[in-house]
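Remarks on the structure that follows.
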Amino acid sequence: MKIILASASPRRRELMKLITDDFECVSINVDETLPENLTSEPSAYLAELKANAVSRFYPDCIVIGCDTVVKTDNKILGKPKNANICRKYLKMLSGHTHEVTTSFCIMGCGNKIIHSENTSVTFLKLSEDDIEWYISTGEPFDKAGGYGIQGKGSLLVQGINGDYFNVVGLPVSSLNQELKKFIKSLEEKNLNTTAFHNADILIPENVDMKKWSVIACDQYTSEPEYWNEVYNKVGDAPSTLNLILPEIFLENDDVSERIENIHDSMNKYISEGIFREYKNAMVYVERVQSNGIIRRGIVGAIDLEKYDFSKGSSSEVRATEATVIERIPPRIKVRQGAGLELPHIMILIDDPENTVIEPLANQDLQKLYDFELMQNGGSIKGYLVDTETQQKIDSALCELADIEKFNNKYGLENAPLLLYAMGDGNHSLATAKEFYEQLKKSNPDMNFSGHPARYALAEIVNLHSDALKFEAIHRLVYDVDCDKLISEMSTALELSETAESDQYIIMSCNGIEKKFYINNKTSNLSVGSLQNFLDGYIKSNGGKIDYIHGTETVKNLAEKHNGIGFILPDMDKSQLFPTVIKDGALPRKTFSMGHAEDKRFYIEARKITE
């Protein structure tokens, strides 16, 4: 990682070169006024202040802030502004021993070390001529205490007790040792250049895990009976059901009360000690789906600084389909004031050689949980990933992130890296991102380099897993004049029943199914052409649209709501990364990874407040 010395001092720059030549100097002016009620060492307070100021702009670097304080008789002698103050300081120091304290703060990637070093300096008895001579050199004016021991000021000093370089402004021996410890701690934490990190993960203890774990909140949005069954099964037991807002209730009149109850439940579970926290952890997951196939993944944290959900983004983590901005604000209300986050986000990596996740199946890892999931959800096992295995995961991800290999893989030139593509839960990750950006905007002077809100818990899964079947997400349109919609769509998209195009849809209305080919394409995909028409039609004529997993489900719901079901063709998953890289995000709700009951269940949690 890049090292930045948060100082404009040429003396500190030269001393830093004794430790390493590989660093930069960046200085930002800060208000060095000490708080009246300050209880910590003044130089430590100022060193951290300076490091914070720079770290805000260099969140992925190691930043070192420093400050030196000269003190005699408990009085701090700063940098003298004129000759009279110089004269006063030198008379105070003459013939006495004073203390010089230099503190440094090493900061980066959520880690921080603050260290203070003390040196006693004894001055000779100075005559008036000695003082006037030294002032005439001009040396005292940019030095704490009004002298520089590395220059002509050394002639005023009788002796020192402690580190000489500490008096100059940087205790290089101590800094070197602490910097080594800091870098080692980052290596153990396994934070690196990719966006997937380990995290402080919470797992519940001594609870009924089958009642604790419930399906992702964005599922069964048109089936209240599903959620009623879940509430009945959970009862009064501790459950993630009490920590999430199923999206079926987003537009209910009591949504504010529901959100308040969620926050109360989070605080209650934390205070009751339900969770055990695993520091700097990753969790390897084996999910047996309802069809008996095992889906493997790793739970960790995504760095939101490396995620951009806007179309055409070139970030390392990208949305795979269009993000509906209007869907974010209601979800932010849940995150505001929340003490915890729970992930239903699944992010895809394109790893055809199975180098990242699959090797963990043969590892001897500590089992964290093993239980059956409710509502035909299959079963799940979770294992704690040890530090050595985390390093192997990191190395494999870094190999996938090699920019030259990435470009060769997709036949590109100088294209920015796409390492993580959204699978499920894009709007949840977008909500975390937007909340984080709002937090930064509201606190411009705050350092967010290690703030918990910078990250979001997620599971990475290999795109090439046999368990992942890309299925189309179908459309249910209701509260519309069906005949009018079909008539206008037939004209706008030039629908025909003969195979004259590679794009098609199947309409299900009043129990009747018909396949229509789209001859006037407005997108490269059938789903895009359909969505473009529906967006415009509903905006002009009203009506509601829902996004449904499963062919039979959309047919049944179309009959139930007297609406129209639009059944779409599946997408070839091997085209996902190349399409997103070359064309940007797909239309929203283009595909789903499997059936609703196989979506991610909530288990792990993470604190998102400091």
Side-chain angles (χ1 to χ4, degrees), residues 187 190-198 282-289 291-303 306-307 314-320 345-365 380-424 458-471 570-583 586 591 593-594 598 600:
E187 291 172 350
N190 199 32
L191 297 177
N192 50 73
T193 53
T194 83
F196 187 69
H197 297 174
N198 56 24
M282 291 181 183
V283 177
Y284 167 61
V285 174
E286 290 185 346
R287 168 77 178 276
V288 180
Q289 300 181 153
N291 58 8
I293 299 176
I294 297 176
R295 184 180 74 226
R296 296 178 169 87
I298 303 171
V299 177
I302 286 291
D303 184 354
K306 298 182 179 181
Y307 165 61
S314 59
S315 57
E316 185 180 315
V317 187
R318 296 182 211 169
T320 50
I345 299 163
M346 283 207 301
I347 296 178
L348 303 172
I349 58 173
D350 189 359
D351 182 22
E353 302 301 320
N354 299 334
T355 62
V356 178
I357 300 170
E358 286 74 13
L360 274 69
N362 301 317
Q363 296 284 94
D364 184 18
L365 302 174
I380 192 164
K381 297 176 183 177
Y383 301 85
L384 185 65
V385 181
D386 57 65
T387 302
E388 183 180 350
T389 305
Q390 285 188 35
Q391 290 169 347
K392 291 177 182 178
I393 292 167
D394 175 50
S395 297
L397 287 170
C398 287
E399 189 71 15
L400 290 179
D402 182 279
I403 195 65
E404 184 177 349
K405 293 178 181 178
F406 168 79
N407 277 279
N408 290 338
K409 182 178 183 177
Y410 298 109
L412 306 169
E413 289 186 15
N414 302 318
L417 175 69
L418 169 61
L419 185 56
Y420 304 101
M422 291 304 303
D424 282 339
E459 178 182 346
I460 58 170
V461 179
N462 189 359
L463 173 69
H464 299 277
S465 167
D466 291 337
L468 291 187
K469 305 296 181 185
F470 274 29
E471 298 179 354
D570 293 335
M571 175 184 173
D572 183 353
K573 68 179 182 179
S574 66
Q575 294 302 307
L576 177 66
F577 271 71
T579 302
V580 173
I581 291 167
K582 295 174 183 177
D583 300 334
L586 305 171
F591 67 92
M593 298 188 300
D598 293 324
R600 199 169 197 288

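Everything numeric in this text was worked out from a predicted model, so none of it was measured.
The distance from the CZ atom of F591 to the CG atom of L576 is 5.0 Å, given to the nearest 0.5 Å. For the atom pair Y420 OH and L418 CG, the distance stands at 10.5 Å (nearest 0.5 Å). To the nearest 0.5 Å, the span separating CG on L348 from CZ on F577 amounts to 6.0 Å. Atom NE2 of H464 and atom CG of N354 lie 8.0 Å apart (nearest 0.5 Å). Residue I294 holds its CD1 atom at 12.0 Å from CZ of R287, rounded to the nearest 0.5 Å. Between the CG atom of D598 and the CZ atom of R295 there is a distance of 7.0 Å, given to the nearest 0.5 Å.
Here the side chains of M282 and I393 are in contact, with some heavy-atom distance below 4.5 Å. Inter-residue side-chain proximity for L365 and D386 is flagged as met; some heavy-atom pair is nearer than 4.5 Å. For the pair R600 and D424, the minimum side-chain heavy-atom distance is 4.5 Å or more. Contact annotation: the side chain of I302 approaches that of F196 to within less than 4.5 Å [non-hydrogen atoms, C-beta and beyond].
Nearest approach of F406 to L400, heavy atoms of both residues: CB-O, 4.5 Å. In terms of heavy-atom proximity, F470 sits nearest to L463 at CZ-CD1, 3.7 Å. Closest approach of V461 and G297 over heavy atoms only: CG2-CA, 4.4 Å. Closest of all the heavy-atom pairs between T194 and C398 is CG2-SG, 4.0 Å. Residues L417 and R318 share a closest heavy-atom pair of O-NH2, 3.2 Å. Nearest heavy atoms, Q390 versus V385: NE2-O, 3.2 Å.
With hydrogens and angles disregarded, a donor-acceptor distance shorter than 3.5 Å links the side chain of N407 to the backbone of N414. Checking side-chain atoms of T320 against main-chain N and O of M422 turns up a donor-acceptor pair under 3.5 Å.
A donor-acceptor pair shorter than 3.5 Å cannot be found between the side chains of S465 and N462.
Residue D466 places its CG atom among 12 or fewer non-hydrogen atoms of other residues, nucleotides or ligands, all under 6.0 Å distant.
Residue pairs satisfying the salt bridge (Lys or Arg N to Asp or Glu O under 4.0 Å) criterion with at least one member in residues 345-363, sequence neighbours excluded, are listed as follows: D350-K409.
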Step by step, work out the side-chain contact (heavy atoms from CB on, under 4.5 Å) result for M571 and L586. CA-CA 11 Å; M571 175 184 173; L586 305 171; 3.7 Å; yes
